[in-house]
Amino acid sequence: MKIPEGDPNERSVGYGGRPDRDGRVTLDSCIMDEFSNIGSVACLEHIKHPISVARAVMEKTPHVMLVGDGALQFALSQGFKKENLLVEASEKEWKEWLKTSEYLPKANIENHDTIGMIALDSHGNLSGACTTSGMAFKMHGRVGDSPIIGAGLYVDNEIGAATATGHGEEVIRITGCHLVVELMRQGKSPQKACEEAVARIVKLTKNRGKELKDIQVGFIALNKKGQYGSYCIQSGFNYAVNDNSGNKLIDAAYYLK
Ligand code: GLY
C-alpha cells in the first residue's frame, strides 16, 4: 500500500493524488487488525503515507479517527515529514478543470479510485487497510468511505473482511463493508455477500431516482477459510489476489451489462 501511496504516477492515492476543487490534496485512510484495533485519518494534507498515520492513530492514541489539521499536527508530532503532494500533472489537470469547474463524478472515468487490501495471514488472522485521495475536485472537506470503518473497510476476525472502491457516498449510505461481513456471518459466500451489497445500492439508487450508469462501487471480500469474491455495479474494476498459487489479476463480475 505504501508503494502506490509514494508513487507520483499513481494519481488516486498519496503523493500524486488528484486535488480537491481548491487545489489541495486531501487524503483518507484507515486500518483494522484481527483484534478490532482501528485507526483512521480523514482530510489529511501534506503527508505522503496516510496509511502509516492511520496506523499510528491506532497504535499510539486513545482515539480511532483524526481529521484535517488535527491529523496533520499528530502526524508531525510522530515525525512524519510535511511535503507538497500536488505533482505537476495533477496541478495541470486541476487548472484545466477550473476552466469549467464542473463537478460531475462519473463511473470509471479516472477521476478517483481507492486502494483497499484485505489479508488472511499464516496464523489464520484477518486484517485490512484502505487509502485514497478521494474524488478528484471534490469540495474541500469532503470525506468518502475509505477512512470510515464499516463503510470502506471492515474486519471481523471470526468471519471475514471486506473493502470497497468507487463512489464513497454510495458505500457510506449502506455501511457497505460492515454489511458484506454481516452477510458472510449469515452464511453467504464472499461472492454472494458482495453481490447482495451491490444489489442494495442498486435498489436505493433506483428508489432515489438517480442514474445507476453514473455510479461505480466495487467490493472485495475474504472469509476465514480464505475464500474470496468481488462484485461491482459496472465493468472496469479488477483486483489482485496473492495466495499460495501465486499472483493473479481478476476482472470483477458486475451488475450493469
Ligand atoms: N471510495 C473513495 C472515495 O469515494 O473517496
Side-chain angles (χ1 to χ4, degrees), residues 1 4-5 10-22 24-32 40-45 47 49-51 53-54 65-68 71 85 90 93-94 97 103-118 128-155 161-180 194 197-198 200-202 204-205 210 212 214-221 230-234 236-239 252 254:
M1 183 159 280
E5 276 186 344
E10 174 48 69
R11 314 283 302 291
S12 63
V13 299
Y15 178 50
R18 292 186 176 86
D20 65 18
R21 67 184 188 185
D22 298 340
R24 297 162 73 162
V25 180
T26 66
L27 306 174
D28 297 338
S29 187
C30 74
I31 189 165
M32 185 163 191
S40 162
V41 288
C43 207
L44 172 65
E45 293 181 80
I47 304 292
H49 295 297
I51 189 60
V53 186
M65 187 172 202
L66 293 175
V67 305
L85 304 182
S90 291
E93 264 183 40
W94 169 62
W97 175 83
Y103 182 65
L104 280 177
K106 285 265 166 66
N108 292 343
I109 291 180
E110 288 299 315
N111 70 353
H112 73 93
D113 217 322
T114 302
I115 295 182
M117 295 177 83
I118 43 181
C130 190
T131 191
T132 188
S133 51
M135 296 286 198
F137 319 131
K138 60 194 174 185
M139 290 173 71
H140 181 66
R142 179 264 186 190
V143 171
D145 59 314
S146 302
I148 300 177
I149 297 291
L153 176 74
Y154 198 68
V155 177
T163 189
T165 186
H167 291 94
E169 284 75 4
E170 307 313 318
V171 180
I172 293 170
R173 205 181 307 284
I174 62 157
T175 333
C177 289
H178 186 260
L179 173 63
V180 171
C194 292
V198 164
R200 198 163 301 185
I201 294 176
V202 168
L204 292 182
T205 303
K210 305 284 180 192
L212 200 56
D214 293 336
I215 296 176
Q216 174 65 307
V217 169
F219 293 103
I220 54 173
S230 172
Y231 203 60
C232 49
I233 295 178
Q234 44 197 307
F237 169 55
N238 55 25
Y239 62 104
Y254 52 93

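Remember, it's 1-based here, ligands and their atoms both numbered in the order they're listed.
- At a threshold of 4.5 Å between non-hydrogen side-chain atoms, the residues C232 and F219 do not count as touching.
- Between the CD1 atom in I172 and the NE2 atom in H167 there is a gap of 12.5 Å [rounded to 0.5 Å].
- Checked against a 3.5 angstrom limit, the closest N/O atoms of G168 and ligand 1 fall inside it.
- The distance criterion of under 3.5 Å between nitrogen or oxygen atoms is met by T114 with respect to ligand 1.
- Close approach of ligand 1 to G166 (heavy-atom distance below 4.0 Å) involves ligand atoms 1 (N), 2 (C), 3 (C), 4 (O).
- No N or O atom of G144 sits closer than 3.5 Å to an N or O atom of ligand 1.
- The side-chain contact (heavy atoms from CB on, under 4.5 Å) test with V202 singles out one residue from V198, T205, L204, and that residue is V198.
- Classified by interplanar angle (parallel below 30°, tilted 30° to 60°, perpendicular above 60°), the ring pair F137/W97 is parallel.
- K138 does not count as a contact of ligand 1, since none of its heavy atoms falls under 4.0 Å from the ligand.
- Of all atoms in ligand 1, listed by their number and element, those nearer than 4.0 Å to a heavy atom of G134 are 5 (O).
- One finds a salt bridge joining R142 and E169 here, because a Lys/Arg side-chain nitrogen approaches an Asp/Glu carboxylate oxygen to under 4.0 Å.
- Among the atoms of R142, some N or O lies under 3.5 angstrom from an N or O of ligand 1.
- Shown here is M117, whose CE atom has no more than 12 heavy atoms of other residues, nucleotides or ligands within 6.0 Å.
- No more than 12 heavy atoms of other residues, nucleotides or ligands lie within 6.0 Å of CZ in R200, so this atom counts as exposed by the packing criterion.
- Below 3.5 Å of separation, one finds an N or O of D145 facing an N or O of ligand 1.
- Heavy-atom proximity to S146, at under 4.0 Å, picks out these atoms of ligand 1: 1 (N), 2 (C).
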